[in-house]
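Working notes for the structure below.
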Amino acid sequence: SFAINSATYAEGMIFIGLSNGRVQAFNAETLESLWVYQDALGGQPNCPIAYADGYIYTGFWNSETKQANFACLSVTDEDATKTNEAKLPTWTYTHNGFYWAGAYVCDDFLLIGTDDGASGYTTGKPSLLSFDPKTGELLSSYKMNVTGDIRSSITHYNGKYYFTSKGGYFFEATVDAKGTIEDVRTRQLYN
């Protein structure tokens with residue numbers, strides 16, 4: 001089985017999300033398997049795989065109301081003699097789930113949006129989370145004041161971070177250099 005998002009290329013490798021909370025790494029030149037990660041909570045691999053500085057980052061989803069992990073994996077092939085080596089995570093974080101949520105990663109922090117832990121569009125409130133990208137330490141968390149899962153990638157422009165939600169909202173976040181979420185502005189989208 002495979003993910004509904006595209007593969008990610010970095011450092012001569014291709015990374016692909018697979019069913020049941022798995023990510024597989026391949027040599028981009030030979031297409032030989034290098035390692036396979038199996039997440040402890042499993043889940044659908046619906047999030048884009050982000051790469052930064054020797055690590056990949058992705059989240060999983062188990063249902064509207066079950067928890068799932070966001071994972072950081074080193075891209076290093078620790079045992080080049082095995083093609084199905086079991087990869088261990090550098091760190092994981094458990095929350096309401098991550099669906100189509102693409103992380104923004106820089107040297108100092110990682111930003112990711114979460115599902116809201118409730119069915120539908122009118123209950124539950126998602127969170128914006130900031131982590132140390134190498135250790136997984138939660139630097140900051142911001143609970144949204146509106147309903148709807150955050151199901152978009154986060155983009156950055158001119159010191160601001162932008163994303164949307166399943167509930168029909170557009171967000172602009174201000175985050176300081178240490179990864180502290182200082183402010184989030186919300187605008188409702190109209191079709």
Side-chain angles (χ1 to χ4, degrees), residues 1-105 110-121 124 126-129 131 133-138 141 148-154 163 165-166:
S1 181
F2 58 90
I4 59 174
N5 52 359
S6 61
T8 297
Y9 172 86
E11 296 190 27
M13 292 172 269
I14 296 173
F15 307 96
I16 299 173
L18 301 170
S19 66
N20 300 319
R22 293 177 296 148
V23 175
Q24 189 165 4
F26 295 90
N27 179 305
E29 190 172 312
T30 67
L31 299 184
E32 180 179 50
S33 176
L34 301 173
W35 51 257
V36 179
Y37 170 69
Q38 172 70 57
D39 189 76
L41 296 179
Q44 295 179 10
N46 298 337
C47 291
I49 297 171
Y51 169 83
D53 197 25
Y55 295 87
I56 58 171
Y57 305 88
T58 194
F60 301 97
W61 185 83
N62 281 312
S63 83
E64 292 279 354
T65 58
K66 292 182 182 175
Q67 295 200 323
N69 280 331
F70 187 82
C72 167
L73 311 171
S74 165
V75 300
T76 303
D77 184 11
E78 286 89 1
D79 188 346
T81 65
K82 293 183 180 177
T83 60
N84 63 345
E85 169 188 346
K87 176 62 106 174
L88 297 175
T90 302
W91 57 265
T92 61
Y93 183 83
T94 304
H95 203 273
N96 294 332
F98 306 87
Y99 196 105
W100 294 337
Y104 169 83
V105 188
L110 174 150
L111 286 177
I112 188 71
T114 72
D115 262 21
D116 59 18
S119 295
Y121 299 82
S127 295
L128 179 64
L129 306 174
F131 296 97
K134 297 290 192 301
T135 68
E137 174 190 355
L138 182 64
S141 175
D149 307 313
I150 296 173
R151 291 194 171 173
S152 75
S153 293
I154 297 175
F163 51 99
S165 76
K166 181 173 130 178

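- Ion pairing between a basic and an acidic side chain is recognised when a charged N comes within 4.0 Å of a carboxylate O; Asp115 and Arg151 show such pairing.
- Between the side chain of Ser33 and the backbone N or O of Thr83, at least one donor-acceptor pair lies under 3.5 Å.
- Using a 30° and 60° split on the angle between ring planes, His95 and Tyr93 fall in the parallel class, below 30°.
- Sequence neighbours left out, the pairs with a member in residues 29-53 that pass salt bridge (charged side-chain N to carboxylate O under 4.0 Å, His left out) are Asp53-Lys134.
- Atom CD1 of residue Ile154 and atom OH of residue Tyr104 lie 10.5 Å apart, to the nearest 0.5 angstrom.
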Between Ile4 and Trp100, does the side-chain contact (heavy atoms from CB on, under 4.5 Å) criterion hold? Intermediate values first, please.
CA-CA 9 Å; Ile4 59 174; Trp100 294 337; 3.0 Å; yes
What verdict does the side-chain contact (heavy atoms from CB on, under 4.5 Å) test give for Phe98 and Thr114, after you've listed the backbone C-alpha separation in whole Å, the side-chain angles of each residue and the deciding distance to 0.1 Å?
CA-CA 5 Å; Phe98 306 87; Thr114 72; 3.7 Å; yes
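- Taking all atoms of both residues into account, the shortest heavy-atom contact from Ser127 to Ile150 is O-CD1, 3.5 Å.
- In terms of heavy atoms, Gly148 sits closest to Ser165 at O-CB, 3.8 Å.
- Using a 4.5 Å heavy-atom threshold, the side chains of Tyr99 and Cys47 count as separate.
- Not a single side-chain hydrogen bond (donor to acceptor under 3.5 Å, both in side chains) links Ser63 to another residue, sequence neighbours left out.
- Residue Glu64 comes nearest to Ser119 through the heavy atom pair CB-OG, 3.8 Å, listed as atom of the first residue, atom of the second, then distance.
- The only member of Leu129, Thr94, Thr58, Leu110 that meets side chain to side chain contact (heavy atoms under 4.5 Å, CB included) when paired with Phe70 is Leu110.
- Here CZ of Phe163 is found 4.5 Å from CG of Leu128. Values are rounded to the nearest 0.5 Å.
- Residue Glu78 comes nearest to Thr76 through the heavy atom pair OE1-O, 3.0 Å, listed as atom of the first residue, atom of the second, then distance.
- Between the Asn69 side chain and the Ala71 main chain, no donor and acceptor come within less than 3.5 Å of each other.
- A heavy-atom distance below 4.5 Å is not found between the side chains of Phe131 and Tyr57.
- Residues passing the ring pair (Phe, Tyr, Trp, His ring centres under 6.0 Å) test with Phe26, sequence neighbours excluded: none.
- The closest side-chain heavy-atom distance from Leu73 to Trp35 is below 4.5 Å.
- Residues Glu85 and Asp77 share a closest heavy-atom pair of OE1-OD1, 2.7 Å.
- Residues Phe60 and Leu41 form no side-chain contact, since every pair of their non-hydrogen atoms from C-beta on lies 4.5 Å or further apart.
- Rounding to the nearest 0.5 Å gives a distance of 10.0 Å between CG of Asn5 and CD1 of Ile16.
- Of all heavy-atom pairs between Ala101 and Ile112, the closest is O-CD1, 3.4 Å.
- Side-chain atoms of Asn96 and Gln67, non-hydrogen and from C-beta on, do get closer than 4.5 Å to each other.
- No donor-acceptor distance shorter than 3.5 angstrom exists from the side chain of Asn20 to the backbone of Gly42, with no hydrogens or angles considered.
- Rounding to the nearest 0.5 Å gives a distance of 10.0 Å between OH of Tyr37 and SG of Cys72.
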